[in-house]
Amino acid sequence: MEVPLYQGFVLAVTIMREATDEFRRFQRDKEVNSQLYSKLTVRGKVQVKSSDIQVGDLIIVEKNQRIPSDMVFLRTSEKAGSCFIRTDQLDGETDWKLRVAVSCTQRLPALGDLFSINAYVYAQKPQLDIHSFEGTFTREDSDPPIHESLSIENTLWASTVVASGTVIGVVIYTGKETRSVMNTSNPKNKVGLLDLELNQLTKALFLALVALSVVMVTLQGFSGPWYRSLFRFLLLFSYIIPISLRVNLDMGKAAYGWMIMKDENIPGTVVRTSTIPEELGRLVYLLTDKTGTLTRNEMVFKRLHLGTVSYGTDTMDEIQNHLVNSYSQTQAQASGNNASSAPPRKAQSSAPKVRKSVSSRVHEAVKAVALCHNVTPVYEARGAAGETEFAEADQDFSDDNRTYQASSPDEVALVQWTESVGLTLVNRDLTSMQLRTPSGQILTYCILQTFPFTSESKRMGVIVRDESTAEITFYMKGADVAMSTVVQYNDWLEEECGNMAREGLRTLVVAKRALTEEQYQDFESRYNQAKLSIHDRTLKVAAVVESLEREMELLCLTGVEDQLQADVRPTLEMLRNAGIKIWMLTGDKLETATCIAKSSHLVSRTQDTHVFRPVTSRGEAHLELNAFRRKHDCALVISGDSLEVCLKYYEHEFVELACQCPAVVCCRCAPTQKAHIVKLLQQHTGRRTCAIGDGGNDVSMIQAADCGIGIEGKEGRQASLAADFSVPQFKHIGRLLMVHGRSSYKRSAALSQFVMHRGLVISTMQAVFSSVFYFASVPLYQGFLMVGYATVYTMFPVFSLVLDQDVKPEMAMLYPELYKDLTKGRSLSCKTFLVWVLISIYQGGILMSGALVLFESEFVHVVAISFTALVLTELLMVALTVRTWHWLMAVAELLSLGCYVASLAFLNKYFDLAFITTVTFVWKVSAITVVSCLPLYVLKYLKRKLSPPSYSKLSS
């Protein structure tokens with residue numbers, strides 16, 4: 001009966017462990033679903049749980065609250081009728097997005113009036129694309145009915161966070177229909193490669209069991225009811241199947257998880273899926289996000305280049321002095337000419353024929369950077385719960401109360417820099433901007449037009465009128481590729497852009513063009529006409545804007561650095577030496593992604609990068625793949641759209657080529673595309689993949705990979721909760737893989753093969769015993785001896801293999817090449833398995849035949865001698881397998897031996913106590929044990945001398 005009991009115990013341990021993992025997940029989900037929100041009803045505000053929100057509800061979301069479901073934005077407390085939201089959990093970008101309320105509802109005098117109008121929203125069916133939306137808002141009770149078209153800027157998607165003001169929206173999608181849920185894939189149950197390999201070996205052992213039983217019955221000569229003896233043999237030899245393997249492995253996995261969490265070198269690491277620690281030791285592909293994973297997402301202004309002079313971080317004070325001087329001059333001129341400030345300024349600006357002084361060029365450049373952007377300064381309301389009233393006179397303009405908001409962190413870095421050198425952006429609304437000079441004077445500019453940044457144009461522009469002089473200026477900034485054709489001829493731009501990019505800086509070119517009033521009026525009429533056209537609107541608008549973008553005066557080149565996380569370079573270097581191929585999948589722009597890939601040494605200095613040109617059709621993809629095939633050993637940079645086209649027509653060829661690259665960078669990737677790439681790699685290469693990210697947009701990729709690691713970053717905790725392992729910083733991955741992954745795999749391999757050996761030895765002995773006694777299906781060891789053998793007598797030493805290590809952690813970190821060996825899976829393969837099978841057969845045969853040769857008058861003595869020798873052999877074999885001793889191992893060995901000796905006193909049913917205490921018993925047991933173990937020790941010694949393993953060369 002002991003087998004079923006034992007199986008019950010095995011299953012109970014496994015079920016308990018899975019259940020605790022599940023329960024923790026359930027608690028986390030419950031916490032999110034029971035967050036309270038304010039719902040607006042005819043009777044006023046009501047609190048509802050986020051899980052009870054339904055389509056059509058009017059929900060009020062406060063600042064810094066997460067939006068519970070997809071909504072159309074109806075009203076905001078902000079005067080401008082717009083608000084900012086943070087979308088980091090949706091698309092991984094930490095910049096803030098501007099959203100605009102439906103103007104019809106924003107104009108209503110009070111909140112309650114939402115119930116007095118008769119209106120409806122039409123929304124398209126739920127879709128995957130997070131960057132588009134089509135719908136209409138119709139108010140029927142006005143004359144004529146008001147129709148407003150709704151686009152992406154009128155939506156508030158679930159999982160985003162309100163960054164400014166309080167918003168009211170009407171819910172259009174909930175639950176599985178929200179954009180954020182549609183963009184996450186269903187998680188699969190992850191099973192480690194080691195477990196799959198062990199399953200294969202167990203199947204082989206089962207076949208061996210059946211074969212052995214059939215052989216026994218055949219040798220009996222099929223006499224009598226042979227099928228009955230066949231089943232008896234199946235039961236006798238059932239120890240070949242390592243039932244206890246599951247328990248030992250599960251306990252081992254729990255121990256590895258505990259060791260990872262207790263490691264002081266990687267504090268804050270959490271193991272969320274306790275079933276796959278060995279996977280960390282077998283990885284070949286590492287897919288990583290960029291923003292927030294490799295970089296900190298903190299932009300710092302590093303360089304201003306004016307063609308003849310370049311200012312770095314250490315010379316910013318010179319810029320400050322130039323600014324103070326130029327502004328004090330203009331003020332002096334103004335006060336000297338009391339009438340007004342216009343004539344002297346006019347005179348000064350109409351004389352740029354002479355070569356400008358450095359001071360005025362610095363002044364112009366800084367002013368351009370301070371004006372040409374999409375940044376809004378925001379002042380926190382002091383004390384009052386309401387929003388700040390923009391009364392210019394008493395506005396709290398103190399610097400410590402101001403924060404900047406923009407759709408890109410680069411822009412914020414630029415404006416913060418102009419503030420640090422003395423030109424501060426203090427106010428901005430839709431039509432005007434105010435700057436404060438170093439002396440505290442406020443300059444007001446009227447914003448006539450803004451041209452936002454798009455990924456096609458790669459530039460943004462603004463036309464402003466200086467209130468004091470009525471000058472109109474068109475400022476523009478953008479990527480060097482887009483700007484080089486627009487500015488006047490110069491000989492330094494391209495070279496300097498290249499230099500900055502090599503330093504890992506993100507570059508922007510800033511230019512300006514002065515416009516006369518007539519030029520501007522002409523432009524405005526053409527621009528408005530183009531905006532009203534129905535066909536090819538975007539093309540016509542672009543053409544009108546391009547008519548302005550000619551012969552612009554190049555002002556400066558700015559360099560901003562996106563700071564890398566701590567120790568990213570050495571970590572990537574280590575992973576590359578460990579034979580892991582690194583792919584970077586990011587939602588960011590191509591230039592930025594390439595820039596970070598170089599500065600983080602993802603692509604080494606000597607390597608070329610091949611930028612895959614944008615392709616849209618099968619023919620283009622074919623040509624571009626052929627061009628790429630001719631390149632050798634170069635990193636690939638490809639955009640999400642081109643990737644989609646290549647995978648549609650040439651999936652196999654593309655993956656094959658990409659896998660040969662030392663590094664791959666995919667930019668502008670959608671969340672589902674990231675997961676798709678992971679699955680492709682798994683299918684085509686059959687190797688183990690690991691995904692690492694920190695935002696909600698990385699969740700699909702983390703769940704699709706064989707092993708998902710989440711970083712607790714600025715972008716919230718969604719990724720770290722969905723992952724199998726979560727770490728606070730990217731640099732911890734090095735130790736997690738090189739030390740913990742490697743040792744978990746090696747220990748589990750040793751442990752599992754040892755457990756199999758334990759069952760094989762006793763089955764071999766049973767087979768020899770039955771053969772000698774005319775193939776009788778009689779058990780060799782009765783009841784308790786078998787249970788004791790599988791548990792008390794051998795379990796502790798076998799399990800202590802979990803503490804074994806072949807090299808010290810410091811060595812494993814120093815020589816990442818050691819990790820490379822593991823990917824071949826040589827610690828547990830058919831070869832090593834066969835070696836263990838042969839050892840088991842040899843030992844089982846020696847133990848049994850030795851006991852039969854040396855046994856005295858009684859059969860009881862055979863049992864006593866062989867069983868004692870068996871237990872000793874197992875304990876010695878553990879000692880033979882161990883590579884580095886740990887004090888707990890020695891304790892386990894002695895404890896087991898002590899248990900066995902102590903239990904001999906109670907086992908008089910099986911053993912003849914009088915015989916056990918004699919000298920003959922002791923020498924016979926010793927002789928058999930020596931014969932079964934000594935040859936193996938000799939073989940091991942010779943093997944270490946003749947072909948030592950790679951790690952022993954390091955530790956000597």
Worksheet entry | Any residue meeting ring pair (Phe, Tyr, Trp, His ring centres under 6.0 Å) with Y173, in chain and number order, not counting sequence neighbours | none

Practice prompt. Go through the steps to decide whether Q127 and F133 satisfy the test side-chain contact (heavy atoms from CB on, under 4.5 Å), and finish with yes or no.
Written response: CA-CA 9 Å; Q127 287 191 326; F133 173 73; over 6 Å; no

Item to complete: Would you check, one step at a time, whether the test salt bridge (Lys or Arg N to Asp or Glu O under 4.0 Å) holds for D641 with R668?
Response: CA-CA 8 Å; D641 308 337; R668 290 271 169 231; over 6 Å; no

Practice prompt. Write down the atom of N374, the atom of E411, and the distance for their closest heavy-atom approach.
Written response: N-OE1, 3.0 Å

Item to complete: Could you grab the distance from atom CD of Q449 to atom CD of E524, nearest 0.5 Å is fine?
Response: 6.0 Å

Practice prompt. Would you indicate whether the side-chain heavy atoms of H676 and T672 approach each other to under 4.5 Å?
Written response: no

Fill in: Derivation and outcome, side chain to side chain donor-acceptor pair (under 3.5 Å), residues Q47 and S38
CA-CA 5 Å; Q47 293 286 316; S38 298; 3.3 Å; yes

Discussion item. Between R272 and S720 (side chain of the first, backbone of the second, donor and acceptor by atom type, cut-off under 3.5 Å), is there such a pair?
Written reply: yes

Worksheet entry | Sub-4.5 Å side-chain heavy-atom contact between L156 and V162 | no

Discussion item. Does either side chain, that of S51 or that of N33, offer a donor lying less than 3.5 Å from an acceptor on the other one?
Written reply: no

Worksheet entry | Any donor-acceptor pair under 3.5 Å from K190 side chain to A705 backbone | yes

Worksheet entry | Candidate pair K63 and E78, rule salt bridge (Lys or Arg N to Asp or Glu O under 4.0 Å), full reasoning | CA-CA 11 Å; K63 182 176 172 177; E78 301 276 306; over 6 Å; no

Worksheet item: What is the distance from atom OG of S77 to atom CD of E62, rounded to the nearest 0.5 Å?
Response: 8.5 Å

Discussion item. Regarding S103 and E148, do their side chains bring together a donor and an acceptor under 3.5 Å, going by distance alone?
Written reply: yes

Discussion item. Given 3.5 Å as the limit, does a donor-acceptor pair link the side chain of Y404 with the main chain of A413, or not?
Written reply: no

Practice prompt. Before giving the answer on salt bridge (Lys or Arg N to Asp or Glu O under 4.0 Å), spell out for R296 and D562 the whole-Å C-alpha distance, their side-chain angles and the decisive distance to 0.1 Å.
Written response: CA-CA 7 Å; R296 293 183 192 174; D562 184 356; over 6 Å; no

Fill in: Electrostatic pair E31-R28, nearest N-O below 4.0 angstrom
no

Worksheet item: Closest approach of K176 and M182, non-hydrogen atoms and distance?
Response: O-CG, 3.3 Å

Worksheet entry | CA sep, side-chain torsions, deciding dist, call: V560, V300, side-chain contact (heavy atoms from CB on, under 4.5 Å) | CA-CA 6 Å; V560 172; V300 180; 6.0 Å; no

Item to complete: Looking only at non-hydrogen atoms, find the nearest pair between G461 and C372 and report the distance.
Response: CA-SG, 4.5 Å

Practice prompt. Rounded to the nearest 0.5 Å, what's the gap from CD1 on I709 to CG on D724? Could you check?
Written response: 8.5 Å

Would you tabulate the side-chain donor-acceptor contacts of residues 104-116 under 3.5 Å, counting partners in other chains and residues two or more places apart, or write 'none'?
unit_1: T105; atom_1: OG1; unit_2: L74; atom_2: O; d: 2.6
unit_1: T105; atom_1: OG1; unit_2: V102; atom_2: O; d: 3.1
unit_1: Q106; atom_1: OE1; unit_2: T76; atom_2: N; d: 2.9
unit_1: Q106; atom_1: NE2; unit_2: T76; atom_2: O; d: 3.3
unit_1: D113; atom_1: OD2; unit_2: A110; atom_2: N; d: 3.1
unit_1: S116; atom_1: OG; unit_2: D113; atom_2: O; d: 2.8

Worksheet entry | E153 (side chain) donor-acceptor with L98 (main chain) under 3.5 angstrom | no

Practice prompt. Please lay out, stage by stage, how D70 and T155 fare under the test side-chain contact (heavy atoms from CB on, under 4.5 Å).
Written response: CA-CA 7 Å; D70 291 356; T155 60; over 6 Å; no

Fill in: Interatomic spacing from CG in D289 to CG in N697 - rounded to 0.5 Å
5.5 Å

Worksheet item: What pair of heavy atoms forms the shortest contact from A723 to G710, and how long is it?
Response: CB-N, 3.3 Å

Worksheet entry | Closest non-hydrogen atom pair between A722 and I702, with its separation | O-CG2, 4.1 Å

Response to the item:
dist T586:OG1 -> I596:CD1 (nearest 0.5 Å) comes out at 9.0 Å

Worksheet item: Does the D52 side chain pair with the main chain of V48, one donor and one acceptor, at a distance under 3.5 Å?
Response: no

Worksheet item: What pairs meet the ring pair (Phe, Tyr, Trp, His ring centres under 6.0 Å) rule with one or both residues in residues 44-77, with sequence neighbours excluded?
Response: none

Worksheet entry | Heavy-atom side-chain contact between I463 and Y520 under 4.5 Å | yes

Worksheet item: I59 and P68: which non-hydrogen atoms are nearest, and at how many Å?
Response: CG2-CG, 4.4 Å

Worksheet item: When you check the gap from the basic side-chain N to the acidic O, do R436 and E419 get nearer than 4.0 Å?
Response: no

Discussion item. Whether the N528 and S525 side chains hold a donor-acceptor pair (N or O, under 3.5 Å, no angle test) is what I'd like checked.
Written reply: no

Item to complete: Check for a donor-acceptor pair, side chain of S50 on one end and backbone N or O of V32 on the other, with a separation under 3.5 Å.
Response: yes

Practice prompt. Using a strict 4.0 Å threshold on nitrogen-to-oxygen distance, state whether R506 and D410 make a salt bridge.
Written response: yes

Discussion item. Would you say that more than 12 heavy atoms from the other residues, nucleotides or ligands in this model lie under 6.0 Å from the CD of E134, or not?
Written reply: no

Discussion item. Could you measure the distance from the CE atom of M71 to the CD1 atom of I53? Nearest 0.5 Å is fine.
Written reply: 8.0 Å

Practice prompt. Could you tell me whether the side chains of Q729 and Q565 share a donor-acceptor contact shorter than 3.5 Å?
Written response: no

Fill in: Verdict with reasoning, V464 to Y475, per side-chain contact (heavy atoms from CB on, under 4.5 Å)
CA-CA 8 Å; V464 294; Y475 288 108; 3.8 Å; yes

Worksheet item: So, do L294 and F730 sit near enough that their side-chain heavy atoms are less than 4.5 Å apart?
Response: yes

Discussion item. Strictly distance-based, threshold 3.5 Å: is any side-chain N or O of T178 a donor or acceptor partner for the main-chain N or O of T174?
Written reply: no

Worksheet item: Does Q405 reach the side chain of S164, with side-chain heavy atoms less than 4.5 Å apart?
Response: yes

Fill in: Side chain D694, main chain E712, donor-acceptor under 3.5 Å
no

Worksheet item: Do V426 and L435 have side-chain heavy atoms sitting under 4.5 Å apart?
Response: no

Item to complete: For the pair D57 (side chain) and Q54 (backbone), establish whether a donor and an acceptor sit closer than 3.5 Å, ignoring hydrogens and angles.
Response: yes

Worksheet entry | Residues R459 and E549 bridged, charged N to O under 4.0 Å | yes

Worksheet item: Would you find more than 12 non-hydrogen atoms of other residues, nucleotides or ligands less than 6.0 Å from E467 atom CD?
Response: yes

Discussion item. Counting C-beta onward and ignoring hydrogens, is there a side-chain heavy-atom pair between K97 and R99 closer than 4.5 Å?
Written reply: yes

Fill in: R24 vs F26 side-chain heavy atoms within contact, under 4.5 Å
no

Item to complete: Ignoring hydrogens and angles, tell me if any N or O in the side chain of W157 forms a donor-acceptor pair with the backbone of S180 under 3.5 Å.
Response: no

